[in-house]
Amino acid sequence: MEYRPGDIEPKWRKWWKENHVYQVKNQGDKPKYYVLDMFPYPSGAGLHVGHPLGYIASDILSRFKRLQGFNVLHPMGYDSFGLPAEQYAIQTGQHPAITTEQNIARYREQLENIGFSFDWSREVRTSNPEYYKWTQWIFIQLFNHYYDLEADKAMPISTLTARIAQSGNATVRAVCDDDTPVISAAEWNGMSEKEQQLFLLKYRITFPGEEFVNWCPALGSVLSNDEVKDGVSERGGHPVERKLMKQWVMRITAYADRLLEGLNTIDWSDSIKEQQRNWIGKSVGASVKFSVEGFDNQSIEVFTTRVDTIYGVSLMVLAPELDLVKVLTTDAQRNAVEGYIKWSAGRSEIERMADSKKATGVFTGAYAINPANGARVPIWIADYVLAGYGTGAVMAVPSGDQRDWNFAQEFNLPVIPILDSQQGLDTAADPTKEGHYINSGLINGMTYAEAVPTLIQWLEKEGIGRGKTQYKLRNAVFSRQRYWGEPVPARWVDDVPYVLEEKDLPLVLPAVDKYLPTESGEPPLARAVGWDYELSTMPGWAGSSWYFYRYMDPKNDQAFCSREAMDYWQQVDFYIGGSEHAVGHLLYSRFWNHFLHDLGLVPNREFAKKLVNQGMIQGRSNFVYRAKERFFEEYLMIKVLKPCLDEFGPIMIGGAEFEEEIKYDFAFETNNLVIEVTSSKQLDKIERIRTAALSDGKRLLVLHTEWLTQHINEPTVVAEKIRQALGGKEDFSATEGPFRIEHLFVSHSLMYKYSPDAVTKLHVDVNIVDNDVLDLDKARKLPMFANANFKVDAEGKYTCSWEVEKMSKSKFNVVNPDDVVAEYGADCFRMFEMFLGPITDAKPWNTKGITGVSGFLRKFWSMFFEGEQFSISDAEPTRDELRVLHHCIKKVTDDIERMSMNTCVSHFMIATNDLRSLKCNKRAVLEPLVIMLTPFGPHMAEELWHQLGHTDSVCDAAWPAFDEALIKTDTKEYPIQINGKLRATIELPTDISAADAEAAALALDQVQKWLEGQAPKKVVFVPGRMINIVI
RNA sequence: GCCCGGGUGGUGAAAUGGUAGACACGAGGGACUUAAAAUCCCUUGACCUUACCGGUCGUACGGGUUCGAGUCCCGUCUCGGGCACCA
């Protein structure tokens, strides 16, 4: 019976739905397993084939775990607030909720079409008020807490106020604004309500602050750093300026250290962890004050991660932009310094970076005093030091830092060795921490580990420095000047923010007349009638920072998730998604989770145990080549004139570079004929050349490009036309219309003959291209190919060139999974996506090769049928058959565990090929294979499972057990190597002794040939592997 | 500049330090067919040699460790991603 996915797949999808096969309960005696996909933003473009890659992998894992006896949670939902819907609303006036609804319906349809085992009863949407009620609720908790450094966790703000009222804030160790003053209990108690509230904002974990933000006037919105590219907004390309604005801010810096530490406890991909570490950017070091000679009231503070190198300082370097520079510069140096400042101000950061090998800088004339040894060191300015970071000053240690070394080298400053292990200081810096200190006063003879605490202690005692940990991480701006996001549940009273009570949640997004900022630049919410709440909304990452808990208990209206549900599901066991969310989503989620854990609201510090990044599927664009006039000249030359040179006689060939001497495209000596190639529309040009030809006494033949286009695949017709003209007597002749054809497209396979600038390269829709061959019938229906002809190759094919690009509509390289499913079936689509390669790798989509998977499914299916009849034998399987089965069980089981889905597909193919050559149709072999196929091709598996006589779902079958004994063989074909190179093979018993194996190998003719009578130096025998003979 | 990954046939790729290129695609040849589709069989890293047998070279490049290296180590080149002079 023929395999017809179009019939069986919808049937089983309906059956699964009706029987609630994928509904999961929050209980049971099975162990739990939580598989999560990063949820999608439902864009208007729908899903393309790149999106489901991760979902297929997670679906396979989910179904596999279920077959192994786990209670598996595998949910899906939508991150449905966001800017694209809002921009669409601005354009069309349609409420974003409506378009979002439509987009979600489209996504759902596409996702269902692929046969995922999602429990749709748990679907969540961040834009749903029942959902964002709890996003707002968490926001309120953040507002009502501060980070206490003694408890090392978030504590209620009431704890803080009680303490301050009791004894002031001097003894409070908490994360707060840098400018928080020390106040006494009396001062606090004397404050008005307003003053107290404003004071507390310095402690709250979310608070309104004044922050420099990327303000985009055109979008009326603040953009995050990663939404700004080259000074313009990523979406729309509008200019962006730095602007100080009142913004809600999240005090994520309070959690910097814990977020860093937590990375060591989770099994996430190295690249994500590394990115998060870099983002947090912890540097442990010291801050040291250098006094300035002759300026009693000036000092230069530097932060260094290598305070141990302080005795090697040979100069101070300041960023040229610093105000201090002007103060310190001596009159003698003023001209040079000002010149340098001017020059460096004109340099872009890119230039500053590109030139980092060549040091530039100017001496200010001033000297600083090294507090460690009293040494007088010159103060320079150089633009390798940036004002924006730290204090904008560096203590330069040429022996330990390459940039400082370059600088010293350039300007002849001393390089002071500080460690006895430093080497090659005359050619480069040596940043080693090994060895013992020299030239280093206080720390002479010490090791790095001893020197750092010694120095810091001394600096602190002397009051000239202190140990300091610096983070790159900044507090996260939480406000967006947008409409389509969660309203911030706060109200301003006399410039003081108050958050709502839980009973007043959700604060529902109000209706507005337009989705634009107001004329006065206020956010769209200012347009809402009677709205007296905060005007900004929350950013995209708010709703996605806790959604994994909502899936556990999606309908709860008493809590964001019940304790019971959390106690059961705990945390995500396996999280899969794109690495582009490395920081935005994954770091902020961890931050919120740490916070919720501090409050005892969630069971674990980290929400996801394991995380895998799927690689991006890139687009594979196809291109066609549209001929310019120049192409036809080259064509005539190559395809028509050259083959007939003898017949036509000598020809002068014109062209751009000979325009002065030769007016015509081609000139024949025979019969005074000249040829001009041009479009029939160029009436003026034709007339001009006709006149010129008359006065030159030439006979003119005009070949219209439209005519040539029509006859492009028939060079003999063109040659005949020329032949007629050569033999004729008319002074003027031309090809005749009517011409309907306007454009010529040239096959890429022919392009090597023609110059690239004779054609225009254009994107063509990949959906009408198969294996880089353009489907001409489909192409002619497109506007771009209306009235076009194609220059095809000898086989009549039009081939396209290709390039890997991002998958996008504008590049015509988007492939819709629905189309692939319609042609090959969902099972085939699923398996093919997996077969492409490791899921972590980025790769271009190319449907080429899908026939291999499609063929496999048909072969697998055919094992169960004899003609039209389902035919399965209950006979005992042979040893060979069992070996094939168990080999497959082992490989597939191991490979799913390590997420190597592509090799799983290969193993299925191998097993199928083997069993087919064994003509096996035995239930004992095929039924376990059906179960194993379930995660990959669930529809086919369910169909065959029922054909095999079962009435329950194959999803609840038991994963077959592997039996090692069944894959054992009596003999093994051993490779025989001579000096590590394969020279022969020999069949030997598996349990052979080393001595026997050696003897058998040496007895071989091929081995004797290499030995040439000598005894081998050594024989290596690895049981079950190989034999290597060393000569 | 720094950090993290990669680099294997025409293509996607496979390979716990142990027979490099499994499994597929594409290509070529053949069978079946009125024909096409579908299906099946054979060949397919490069080169040399050949009737058969066989040989040389091959996992970006150069070294090293090892009986044995795609795999481990050092250096170089190169592609991709991240960070942006983070002191």
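Numbered from 1 within each chain, the chains take letters A, B, ... in sequence-line order. Quick caveat, the model's predicted, so the values are computed rather than measured.
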To the nearest 0.5 Å, what is the distance between CE on M316(A) and CG on N370(A)? 8.5 Å
Here the distance between atom P of rA24(B) and atom CZ of F856(A), to the nearest Å, is 10 Å
In whole angstroms, how far is the C1' atom of rA24(B) from the NZ atom of K843(A)? 15 Å
Nearest nucleotide by nearest heavy atom, which residue falls closer to the 5' end of RNA chain B, G837(A) or V394(A)? G837(A)
Quick one: on RNA chain B, does K859(A) or M909(A) contact a more 5' nucleotide (nearest heavy atom)? M909(A)
Distance check needed: rG68(B) C1' versus I976(A) CD1, whole Å only. 14 Å
Is it true that atom NZ of K273(A) has more than 12 heavy atoms of other residues, nucleotides or ligands lying nearer than 6.0 Å? yes
Regarding rC83(B), can its base be found pairing with the side chain of N278(A) as donor and acceptor, where the two atoms are less than 3.5 Å apart? no
Separation of rC23(B) atom P from I850(A) atom CD1, nearest Å, is 20 Å
Just how far, in rounded Å, is C1' of rU11(B) from CZ of F832(A)? 11 Å
Scan V1030(A) against the nucleic acid and name what it touches under 4.0 Å (heavy atoms): base, sugar-phosphate only, or nothing. sugar-phosphate
Using the side-chain heavy atoms of T903(A), tell me which of these nucleotides is nearest: rA15(B), rG18(B), rG82(B). rA15(B)
Are OP1 or OP2 of rA14(B) and a side-chain N or O of N902(A) less than 4.0 angstrom apart? yes
Greater than 12 external heavy atoms within 6.0 Å of E301(A)'s CD: yes
Flag this pair as yes if the NZ/CZ of K890(A) is under 6.0 angstrom from the six-membered ring centre of F962(A) and inside a 45 degree cone about the axis; otherwise no. yes
For H907(A) and rA24(B), give me the distance from atom NE2 to atom C1', rounded to whole Å. 13 Å
Which label fits rG9(B), syn or anti, where anti is any glycosidic angle not within 90° of 0? syn
According to the interplanar angle, ranging from 0 to 90°, do the rings of F908(A) and F856(A) count as parallel (below 30°), tilted (30 to 60°) or perpendicular (above 60°)? tilted
rA24(B), OP1 or OP2 - any side-chain N/O from N913(A) closer than 4.0 Å? yes
Does R858(A) place a side-chain N or O at less than 4.0 Å from the phosphate oxygens OP1/OP2 of rU39(B)? yes
Which one, rG18(B), rU19(B), rU56(B), comes nearest to the side chain of R983(A)? rU56(B)
Just call it for F835(A): base, sugar-phosphate, or nothing, with non-hydrogen atoms closer than 4.0 Å on any strand. base
Rounded to whole Å, CD1 of I272(A) lies from C1' of rG81(B) at a distance of 11 Å
Between rC40(B) and R916(A), is there an OP1 or OP2 to side-chain N/O distance shorter than 4.0 Å? yes
I need the CH2-C1' distance between W380(A) and rA87(B), as an integer number of Å. 19 Å
Under 4.0 Å between any heavy atoms, over every strand shown, what does Q275(A) touch: base, sugar-phosphate, or nothing? Just pick one. sugar-phosphate
Should the pair W845(A) and F829(A) be assigned to parallel (<30°), tilted (30 to 60°) or perpendicular (>60°) ring geometry? tilted
Is the shortest side-chain N/O distance from R1025(A) to OP1 or OP2 of rC67(B) below 4.0 Å? no
